[in-house]
Protein chains: 2
Amino acid sequence: MAQKNRLKYIILGLLIDRPQTGYDLTKSFDSDIGEFWSANHSQIYPLLNRMETAGLLQHDQVQVGEKLVKKRYSVTDTGQQEFFRWLQEPSPLDNAHDEFLLKLYFVKDQHADLLRVMVTEQLALHQAKLDNLNAQLADKFPTTQQQTQSYGHYQLLRHAILRERDYVAWLGEI
Amino acid sequence: MAQKNRLKYIILGLLIDRPQTGYDLTKSFDSDIGEFWSANHSQIYPLLNRMETAGLLQHDQVQVGEKLVKKRYSVTDTGQQEFFRWLQEPSPLDNAHDEFLLKLYFVKDQHADLLRVMVTEQLALHQAKLDNLNAQLADKFPTTQQQTQSYGHYQLLRHAILRERDYVAWLGEI
DNA sequence: CGGAGCATGTAATTCGTTACATGATTGT
DNA sequence: ACAATCATGTAACGAATTACATGCTCCG
């Protein structure tokens, strides 16, 4: 089962918003969505094909100029179901990629009820992590002597704590 | 060239600190370093072998009990050079893994001069990113109407901005 | 007519996860 | 004795990056 394939859901989300070509999708990862997720065209094109074979997508052809034919992909009903199923799944913490942020990106204000559940769940996870980090800090760096001895490690823990604290505050605002 | 292989440098850093077995290294990723980087033993053992072949590591054997022989790895001079070369390289921003944090973890207070350079460089990068995000926010969400229409996207940008602002503040403290 | 960008692919390689596999040691 | 955990590997697979490859369109 190897990996999560979250790129699949990003593509579904983007295509639900608006049917696009693989090239258009690729550009999204260079601009807005690129802030927190990246993907190359060499990953996107084969995935689009696989997703179409799997019945999640379909495409029509758009004539451009004399010869060029673009493939404009859109999401099938099956694909929509898959996407919304994913949106409603819990999003466990993962220090490589924040899946919650990804989902948030696709939430328009209409699913306000789902949003509340999602935020509450994340809040609990981040609060737990924050508590854990604070415990670690107290455990590993009880004296100022140890703080200067492993300065980098100490600052790192402080940074992680600040980050979680902010995350919790930000979630609280939503 | 495919990927960065930053795991290699983490292993070098951990082994410079203290010679250890592959099993010990694996445990590090479940505790402190696991906050921001992960690795499985199935990735570590083959990498240790490759790194030894490449002349970065060496190991001696430690007898435990009757039959079991542990491999305790340590870093060669070549490996040390490679590690410090990496430490001194610039650390470009990467939204998947923060390479700067990784380096910071290995900085004991003695390299205070290097630390200053590293922090200054990161500060510039994050400040630039913060400016860019602020510009995006002004560009994409000039009215409150657009903020509620793509609520998730809006909150996401806000989150990114808060995060960068905090990162900059934290760097400033160091 | 030339160059920047549009548009779509494949190939090679590495990274990373999950699962499979085996055996020794230590403490209860 | 038996369970937890120490200790070291391999195999299979999917994800992600880099490089290779080709052709079209639009604008100046």
Asker: Given the rule that I, L, V, M, F, W and Y join up when any side-chain heavy atoms are under 4.5 Å apart, are A:Leu125 and A:Leu123 in one cluster?
Answerer: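 Result: no, two separate clusters.
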Asker: Among C:dA7, D:dT10, C:dT25, which nucleotide has an atom closest to any side-chain atom of B:Leu68?
Answerer: C:dT25
Asker: Would you please classify the geometry between the B:Tyr167 ring and the B:Phe100 ring as parallel, tilted or perpendicular, with 30° and 60° separating the classes?
Answerer: tilted
Asker: Kindly point out which of C:dT8, D:dT10, D:dA7 is positioned nearest to the side chain of B:Asp24?
Answerer: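 From the listed options, D:dA7 comes nearest.
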Asker: Could you spell out the base pairing of DNA chain D in dot-bracket, with Watson-Crick or G-U pairs whose two distances are under 3.5 Å, [ ] crossing and | to another strand?
Answerer: ||||||||||||||||||||||||||||
Asker: With a 4.0 Å cut-off on N to O distance, would you call A:Asp94 and A:Arg6 a salt bridge?
Answerer: yes
Asker: Is any side-chain nitrogen or oxygen of B:Tyr23 closer than 4.0 Å to OP1 or OP2 of D:dT8?
Answerer: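 For D:dT8, neither OP1 nor OP2 has a side-chain N or O of B:Tyr23 closer than 4.0 Å.
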Asker: Looking at B:Asn40, does any N or O in its side chain come under 4.0 Å of the phosphate oxygens OP1/OP2 on C:dT17?
Answerer: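 Result: yes.
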Asker: Any side-chain N or O of A:Gln43 below 4.0 angstrom from OP1/OP2 of D:dA15?
Answerer: no
Asker: Under 4.0 Å between a side-chain N/O of A:Ser38 and OP1 or OP2 of D:dA16, yes or no?
Answerer: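 False: A:Ser38 side-chain N/O out of range (4.0 Å or more) of D:dA16 OP1/OP2.
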Asker: Return no unless some side-chain N or O of A:Lys71 is found under 4.0 Å from OP1 or OP2 of C:dG9.
Answerer: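 The answer is yes; a side-chain N or O of A:Lys71 sits under 4.0 Å from OP1 or OP2.
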Asker: Give a yes or no on whether A:Leu114 and A:Tyr105 share a hydrophobic cluster (residues Ile, Leu, Val, Met, Phe, Trp, Tyr; joining criterion: side-chain heavy atoms under 4.5 Å apart).
Answerer: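 In one cluster with A:Leu114: A:Tyr105, yes.
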Asker: How about A:Tyr9 and A:Phe106: are their ring centres within less than 6.0 Å of each other?
Answerer: no
Asker: When we call it a touch if two heavy atoms are under 4.0 Å apart, what does A:Val64 touch: a base, just sugar-phosphate, or nothing?
Answerer: sugar-phosphate
Asker: Rounded off to whole Å, could you give me the CG-to-C1' distance for the A:Leu48 and C:dG9 pair?
Answerer: 12 Å
Asker: To the nearest angstrom, how far is A:Lys27 atom NZ from C:dT8 atom C1'?
Answerer: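 Atom NZ in A:Lys27 sits about 14 Å away from atom C1' in C:dT8.
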Asker: Which nucleotide in the set C:dT25, C:dG9, D:dT10 lies at the smallest distance from any side-chain heavy atom of B:Pro46?
Answerer: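 Nearest nucleotide to the side chain: D:dT10.
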Asker: With nearest nucleotides of DNA chain D determined for B:Asn49 and A:Gly65 from heavy-atom distances, which residue corresponds to the more 5′ nucleotide?
Answerer: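 So the residue in question is B:Asn49.
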Asker: Under 4.0 Å between a Lys/Arg side-chain N and an Asp/Glu carboxylate O for B:Arg158 and A:Glu173?
Answerer: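 Here B:Arg158 pairs with A:Glu173 in a salt bridge, since their nearest N and O are under 4.0 Å apart.
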Asker: Can you say whether a donor on the side chain of A:Ser42 sits under 3.5 Å from an acceptor on the base of D:dT18, or the other way round?
Answerer: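 Donor-acceptor pair under 3.5 Å: yes.
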Asker: How is B:Arg6 classified with respect to the nucleic acid when contacts are heavy atoms under 4.0 Å: base, sugar-phosphate, or nothing?
Answerer: nothing
Asker: Only one of A:Glu121, A:Gln122, A:Met118 clears side chain to side chain contact (heavy atoms under 4.5 Å, CB included) with A:Pro90; which?
Answerer: A:Glu121
